[in-house]
Peer 1: 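There's a structure below that I have some questions on.
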Amino acid sequence: SQAWRFVPHVTQFDRADVTELEEFRTRYAGEVEKQGGKLTVTAMLLKICAEALRRFPRFNASLDMAAREIIYKKYVHIGVAVDTDRGLLVPVIRDVDKKGIFDLSLELTEVAGKARGKKIKPDDLQGGTFTISNLGGIGGTNFTPIVYTPQSAILGVSRARTEPVYRDGELTPRVILPLALSYDHRIIDGAEGIRFVRWIVEALEHPLLLVFKGGL
Ligand code: CAO
């Protein structure tokens with residue numbers, strides 16, 4: 001409620017064509033499952049967001065109103081909203097930028113299980129620098145997440161669906177993932193907001209391009 005009252009929110013929507021990424025995910029899901037994890041869009045977004053946060057430091061910063069300063073974090077700790085029977089919990093995955101998608105899948109499965117199994121410790125919920133809230137496993141076309149202060153931004157993810165998309169002169173079935181980024185307008189300008197989301201969309205659509213550019 002503090003965030004709702006004091007943070008001037010803007011929510012930027014976009015959509016990513018994740019058809020190829022979904023093919024990759026289903027191809028390698030079995031391998032991750034053998035190790036006890038689940039390769040999902042959330043795990044892949046953790047990795048992509050970590051790289052985006054490195055390139056757009058204001059999204060990995062917090063505002064100290066008393067000192068009138070923006071504090072840029074040198075680490076990337078991403079909180080993941082988990083729906084439990086006791087309500088919403090946001091465990092934090094640390095140093096996401098230093099981990100691969102495979103390990104992140106295992107860790108995400110582990111922390112979500114801990115949160116649901118009442119095994120999460122207060123420390124596991126502290127220190128996040130950015131948050132991902134994926135409601136797409138349940139459904140929904142879009143939603144406007146609330147920034148988890150003192151963080152400056154949160155990425156909301158809704159359900160990926162196969163839709164007819166006009167491409168190269170014809171309608172083709174493509175898997176489209178809706179994204180909604182809410183951010184603190186005191187720290188982040190609108191142009192920066194859309195650049196950040198566009199970067200994430202391009203990374204989801206063309207992950208190889210990022211490897212060539214020295215990203216992921
Ligand atoms: N679009 C389409 N399908 C999706 C999807 C999306 N955006 N996200 C997940 N799915 C699918 C998964 O692929 C999986 O499919 P299968 O069962 O066929 O393998 C299924 O939905 C369940 O996924 P999951 O929830 O187990 O996995 P996840 O890693 O994507 O998500 C977690 C983990 C913890 C984010 C999620 O379980 C959860 O709790 N989400 C709710 C978050 C929430 O409550 N946010 C609100 C905060 S504000 O009040």
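Residues: numbered from 1 along the sequence shown. Numbering of ligands and ligand atoms starts at 1, following listing order. Because the structure is predicted, anything quoted here is derived from the model rather than measured.
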Peer 1: So which bit of Ala43 gets within less than 4.0 Å of ligand 1, heavy atoms only: side chain, backbone, both or neither?
Peer 2: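 Contact part for Ala43 vs ligand 1: neither.
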
Peer 1: Write out the residue and atom name of the closest protein heavy atom to atom 33 (C) of ligand 1, then the distance separating them to 0.1 Å.
Peer 2: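 Protein heavy atom with the smallest distance to atom 33 (C) of ligand 1: Thr42 OG1, 4.2 Å.
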
Peer 1: Looking at Arg94 and His77, what are the two nearest heavy atoms and their distance?
Peer 2: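 Closest approach of Arg94 to His77, heavy atoms only: CA-ND1, 3.4 Å.
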
Peer 1: Select one of side chain, backbone, both or neither to describe which atoms of Asp83 lie under 4.0 Å from any atom of ligand 1, heavy atoms only.
Peer 2: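 Both backbone and side chain.
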
Peer 1: Relative to atom 35 (C) of ligand 1, which among Ala29, Ala81, Ala115 owns the nearest non-hydrogen atom?
Peer 2: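 The residue whose heavy atom sits nearest atom 35 (C) of ligand 1 is Ala81.
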
Peer 1: Does the distance from a Lys or Arg side-chain N to an Asp or Glu carboxylate O, for Glu51 and Arg54, drop under 4.0 Å?
Peer 2: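 Yes, Glu51 and Arg54 are salt-bridged.
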
Peer 1: Return the residue, atom name and 0.1 Å-rounded distance of the protein heavy atom closest to atom 49 (O) of ligand 1.
Peer 2: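 The closest heavy atom on the protein side is Leu88 CD2, 3.7 Å.
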
Peer 1: As a check for students: among Arg116, Arg161, Lys38, identify the option with a heavy atom nearest to atom 16 (P) of ligand 1.
Peer 2: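 Nearest heavy atom to atom 16 (P) of ligand 1 lies in Lys38.
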
Peer 1: Counting from 1, what ligand 1 atoms have a heavy atom of Ser158 closer than 4.0 Å?
Peer 2: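 Those of ligand 1 that fall under 4.0 Å from Ser158 are 1 (N), 6 (C), 7 (N).
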
Peer 1: Counting N and O atoms only, with roles assigned by atom type, does the side chain of Arg116 sit under 3.5 Å from a partner on the main chain of Asp83, one being a donor and the other an acceptor?
Peer 2: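 Here the side-chain-to-backbone pair exists.
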
Peer 1: For ligand 1, does Arg25 get within less than 4.0 Å through its side chain, its backbone, both, or neither, judged by non-hydrogen atoms?
Peer 2: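 The answer is the side chain of Arg25.
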
Peer 1: Side chain, backbone, both or neither: which part of Ile132 comes within less than 4.0 Å of ligand 1 when only heavy atoms are counted?
Peer 2: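 For Ile132, no heavy atom sits under 4.0 Å from ligand 1.
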
Peer 1: Looking at every heavy atom in both Gln151 and Phe130, which two are closest together, and how far apart are they?
Peer 2: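 Minimum heavy-atom separation between Gln151 and Phe130: OE1-C, 3.2 Å.
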
Peer 1: Any idea which atoms of ligand 1 are less than 4.0 Å away from a heavy-atom of Leu177?
Peer 2: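 Counting from 1, the qualifying ligand atoms are 7 (N).
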
Peer 1: Go through the steps for Ile78 and Leu53 under the test side chain to side chain contact (heavy atoms under 4.5 Å, CB included), then give the verdict.
Peer 2: CA-CA 10 Å; Ile78 302 184; Leu53 293 169; 4.0 Å; yes

Peer 1: Do you see a protein non-hydrogen atom under 4.0 Å from atom 31 (O) of ligand 1?
Peer 2: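 Yes, there is a protein heavy atom closer to it than 4.0 Å.
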
Peer 1: In Å and rounded to the nearest 0.5 Å, what is the CG to CG distance from Leu177 to Leu45?
Peer 2: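 Nearest 0.5 Å value for the CG-CG distance: 6.5 Å.
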
Peer 1: Where does Ile146 meet ligand 1, judged by heavy-atom distances below 4.0 Å: at the side chain, the backbone, both, or neither?
Peer 2: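 Under 4.0 Å from ligand 1, Ile146 contributes no heavy atoms.
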
Peer 1: Does the distance from a Lys or Arg side-chain N to an Asp or Glu carboxylate O, for Asp123 and Lys121, drop under 4.0 Å?
Peer 2: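 No.
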
Peer 1: Give the residue and atom name of whichever protein heavy atom lies nearest to atom 3 (N) of ligand 1, and the separation in Å to one decimal.
Peer 2: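 Checked against all protein heavy atoms, atom 3 (N) of ligand 1 sits closest to Gly136 O, 4.0 Å.
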
Peer 1: Do Thr149 and Gln2 get their side chains close enough for a donor-acceptor pair, meaning under 3.5 Å?
Peer 2: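 There is no such pair between these side chains.
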
Peer 1: Judged by modelled atom types alone, do Asn60 and Thr129 share a side-chain donor-acceptor pair under 3.5 Å?
Peer 2: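 Looking only at side-chain atoms, Thr129 and Asn60 do form a donor-acceptor pair, the distance falling under 3.5 Å.
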
Peer 1: With under 30° as parallel and over 60° as perpendicular, where do the rings of Phe59 and Phe196 fit, or are they tilted in between?
Peer 2: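 Answer is parallel, since the angle falls under 30°.
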
Peer 1: Any atom of ligand 1 sitting under 4.0 Å from a heavy atom of Met44?
Peer 2: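 Checking ligand 1 against Met44, which is what was asked, there is no heavy-atom contact under 4.0 Å.
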
Peer 1: Among protein heavy atoms, which sits nearest to atom 21 (O) of ligand 1, and what does the distance come to when rounded to 0.1 Å?
Peer 2: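 So the nearest neighbour among protein heavy atoms is Gly137 CA, 3.4 Å.
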
Peer 1: In the protein, which heavy atom is nearest to atom 46 (C) of ligand 1, and how far is it?
Peer 2: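 In this structure, atom 46 (C) of ligand 1 has Ser133 OG, 3.2 Å as its nearest protein heavy atom.
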
Peer 1: Starting from atom 43 (C) of ligand 1, find the nearest protein heavy-atom neighbour and note its residue, name and distance.
Peer 2: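 Nearest protein contact, heavy atoms only, for atom 43 (C) of ligand 1 is Leu135 CD2, 3.4 Å.
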
Peer 1: Under a 4.0 angstrom heavy-atom cut-off, which atoms of ligand 1 come close to Leu108?
Peer 2: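 What qualifies from ligand 1 is 29 (O).
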
Peer 1: How does Thr40 reach ligand 1, by side chain, by backbone, by both or by neither, if only non-hydrogen atoms under 4.0 Å count?
Peer 2: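 Looking at Thr40 and ligand 1, just side chain atoms fall under 4.0 Å.
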
Peer 1: Under 3.5 Å, N or O to N or O, is Ala160 touching ligand 1 that way?
Peer 2: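 There is such a contact, yes.
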
Peer 1: State whether the shortest distance between N or O atoms of Arg159 and N or O atoms of ligand 1 falls below 3.5 angstrom.
Peer 2: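 N/O-N/O distance under 3.5 Å: no.
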
Peer 1: Between the side chains of Arg25 and Glu22, is the shortest nitrogen-to-carboxylate-oxygen separation below 4.0 Å, so that they form an ion pair?
Peer 2: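 Yes.
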
Peer 1: Distance-only, no hydrogens or angles: does the Arg58 side chain make a donor-acceptor pair with backbone N or O of Ile187 under 3.5 Å?
Peer 2: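 Yes, the answer is positive, given that a donor and an acceptor are paired below the 3.5 Å cut-off.
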
Peer 1: Using modelled atom types and a 3.5 Å cut-off, is there a donor and acceptor pairing between side-chain atoms of Glu205 and backbone atoms of Asp17?
Peer 2: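 Answer holds: yes.
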
Peer 1: Looking at atom 34 (C) of ligand 1, what's its closest protein heavy atom, distance included?
Peer 2: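 For atom 34 (C) of ligand 1, the nearest protein heavy atom is Val82 CG2, 3.7 Å.
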
Peer 1: Test your reading of the model: is there a side-chain donor-acceptor pair from Thr131 to the backbone of Ile154, 3.5 Å cut-off?
Peer 2: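 No.
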
Peer 1: Do me a favour and list the nearest non-hydrogen protein atom to atom 40 (N) of ligand 1 with residue, atom name and distance?
Peer 2: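 Atom 40 (N) of ligand 1 sits closest to the protein heavy atom Asn134 O, 2.9 Å.
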
Peer 1: Counting distance only, does the side-chain N/O of Lys38 pair as donor-acceptor with the main-chain N or O of Glu33 below 3.5 Å?
Peer 2: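 No: the side chain of Lys38 does not pair with the backbone of Glu33.
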
Peer 1: If you count the atoms of ligand 1 from 1 in the order shown, which ones are under 4.0 Å from a heavy atom of Val157?
Peer 2: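 In order of number, 7 (N).
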
Peer 1: Is atom 10 (N) of ligand 1 less than 4.0 angstrom from some protein heavy atom?
Peer 2: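 Flag for atom 10 (N) of ligand 1 set to true, protein heavy atom closer than 4.0 Å.
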
